[in-house]
Amino acid sequence: SYPVFRIGDRWVTVGTDARWASSCFIPPDLRGQPVLMLSNLENDRETPLFQRIPDEACQPDRTVAEIEYQLSTEGNATATVRETLHGGNAIQWRRLLEETPPEERVGRIEEDYIADVFPGAEIVDYSVEGQDDVDRPLVMIYELRGLRLGEPVNGGSLRVSRPFLSELT
């Protein structure tokens, strides 16, 4: 269980696993749940005894990926990826980054993440913005090579076959 506080218009939770949570992050299992309101004002009769934590009070758990491909006529590609992570997604990545020594991060990200999304690709450059600022999104920027996104077909055309944003979930 988590203590949840309302300070002005902001909802705040405190928990032992909240190290990388922003000051206004509410875990998904608490969103929309009823809470008992306690007031420090002796004669506060305007605050309802029970309220629900509104969904809009929470940072959304989402990732926005911007990908720029450089595609060769043979179907090979490189890509520059900029992922902006919010809410729970950012918390998970911040934990992973904290647990992983800096010299092992690229290898772990390639093995545990890139291999699933971009099979055969390797990271050639990698950076992170906002890792220690929990009230900002976490931004991961990396360059990939070794992508195979298509096959040449007759007449010098290229049949593109591997992931574009509509295929990424």
Side-chain angles (χ1 to χ4, degrees), residues 2 10-11 13 15-33 53-169:
Y2 298 86
R10 294 182 71 167
W11 291 84
T13 185
T16 57
D17 62 346
R19 172 167 163 65
W20 292 113
S22 74
S23 61
C24 62
F25 177 75
I26 302 294
D29 56 330
L30 294 180
R31 297 174 190 172
Q33 295 298 312
I53 300 172
D55 287 334
E56 62 273 6
C58 310
Q59 284 188 337
D61 299 328
R62 67 186 178 105
T63 299
V64 176
E66 301 170 51
I67 306 172
E68 183 178 313
Y69 293 100
Q70 298 293 321
L71 187 60
S72 76
T73 56
E74 292 82 34
N76 298 315
T78 60
T80 301
V81 181
R82 179 183 178 92
E83 290 190 63
T84 305
L85 299 102
H86 303 265
N89 298 350
I91 292 169
Q92 289 175 346
W93 275 102
R94 284 185 172 109
R95 282 186 188 140
L96 179 118
L97 293 170
E98 179 184 46
E99 294 168 359
T100 308
E103 64 276 5
E104 296 175 16
R105 287 180 185 162
V106 168
R108 183 156 183 206
I109 292 168
E110 278 180 345
E111 189 176 300
D112 295 347
Y113 179 60
I114 299 298
D116 292 335
V117 181
F118 300 101
E122 66 177 310
I123 297 174
V124 293
D125 193 23
Y126 168 79
S127 64
V128 176
E129 298 172 2
Q131 181 177 341
D132 296 322
D133 187 351
V134 298
D135 288 320
R136 289 185 42 215
L138 178 70
V139 179
M140 298 193 321
I141 303 164
Y142 46 92
E143 291 184 34
L144 303 172
R145 72 172 171 214
L147 296 164
R148 184 80 181 153
L149 296 182
E151 299 293 327
V153 292
N154 296 340
S157 297
L158 184 66
R159 179 180 308 130
V160 177
S161 60
R162 281 296 297 159
F164 283 88
L165 284 178
S166 62
E167 293 181 40
L168 301 177
T169 57

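Sequential numbering from 1 along the given sequence is applied to the chain's residues.
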Measure the CZ-CG distance between Arg159 and Asn154 for me, rounded to the nearest 0.5 Å.
-> 9.0 Å

Less than 4.5 Å apart, any side-chain heavy atom of Ile123 and any of Ile109?
-> yes

Heavy-atom pair with the smallest gap, counting every atom of Leu149 and Leu71 = CB-CD1, 3.9 Å

Mark yes when over 12 heavy atoms from residues, nucleotides or ligands other than Glu68 sit less than 6.0 Å from its CD; otherwise mark no.
-> no

From Ile114 CD1 over to Glu122 CD, what is the distance, rounded to the nearest 0.5 angstrom?
-> 11.5 Å

Under the side chain to side chain contact (heavy atoms under 4.5 Å, CB included) rule, what do Trp93 and Gln131 come out as? Steps first, then yes or no, please.
-> CA-CA 9 Å; Trp93 275 102; Gln131 181 177 341; over 6 Å; no

Over all heavy atoms of both residues, which pair between Leu144 and Ala121 is shortest? Give the atoms and the distance, please.
-> CB-CB, 4.3 Å

4.5 Å side-chain heavy-atom contact, Phe118 and Tyr113 | no

So, for Leu147 and Ala79, which heavy atoms are closest and what is the spacing to 0.1 Å?
-> CD1-CB, 3.6 Å

To the nearest 0.5 Å, atom CD of Glu99 lies from atom CZ of Arg105 at 10.5 Å

Over all heavy atoms of both residues, which pair between Pro152 and Thr73 is shortest? Give the atoms and the distance, please.
-> CG-O, 3.9 Å

Modelled atom types, side-chain donor and acceptor of Asn76 and Arg148, under 3.5 Å | yes

Can Leu96 and Arg108 be said to form a side chain to side chain contact (heavy atoms under 4.5 Å, CB included), step by step?
-> CA-CA 9 Å; Leu96 179 118; Arg108 183 156 183 206; 3.5 Å; yes

How far apart are the C-alpha atoms of Tyr69 and Thr80, what are their side-chain angles, what is the distance that settles it, and do they pass the side chain to side chain contact (heavy atoms under 4.5 Å, CB included) test?
-> CA-CA 7 Å; Tyr69 293 100; Thr80 301; over 6 Å; no

Check the pair Tyr126 / Glu143 against side chain to side chain donor-acceptor pair (under 3.5 Å), numbers first and verdict last.
-> CA-CA 7 Å; Tyr126 168 79; Glu143 291 184 34; over 6 Å; no

Just wondering, do Ile141 and Ser127 contact through their side chains at under 4.5 Å, heavy atoms?
-> yes

Identify the two heavy atoms, one from Val64 and one from Arg62, that lie closest to each other, and give their separation to 0.1 Å.
-> CG2-NH1, 3.2 Å

Could you tell me whether Arg82 and Glu129 have a side-chain N and a carboxylate O separated by less than 4.0 Å?
-> yes

Quick one: CG on Asp125 to OG1 on Thr78, what's the gap to the nearest 0.5 Å?
-> 12.0 Å

Closest non-hydrogen atoms of Asp61 and Gly88, given as atom of the first, atom of the second and distance, are OD1-N, 2.5 Å

Verify the neighbour count for atom CZ of Arg145: are there more than 12 heavy atoms of other residues, nucleotides or ligands below 6.0 Å?
-> no

Evaluate the side chain to side chain contact (heavy atoms under 4.5 Å, CB included) criterion for residues Val128 and Val139: first the C-alpha distance (whole Å), next the side-chain angles of each, then the deciding distance (0.1 Å), finally the verdict.
-> CA-CA 6 Å; Val128 176; Val139 179; over 6 Å; no

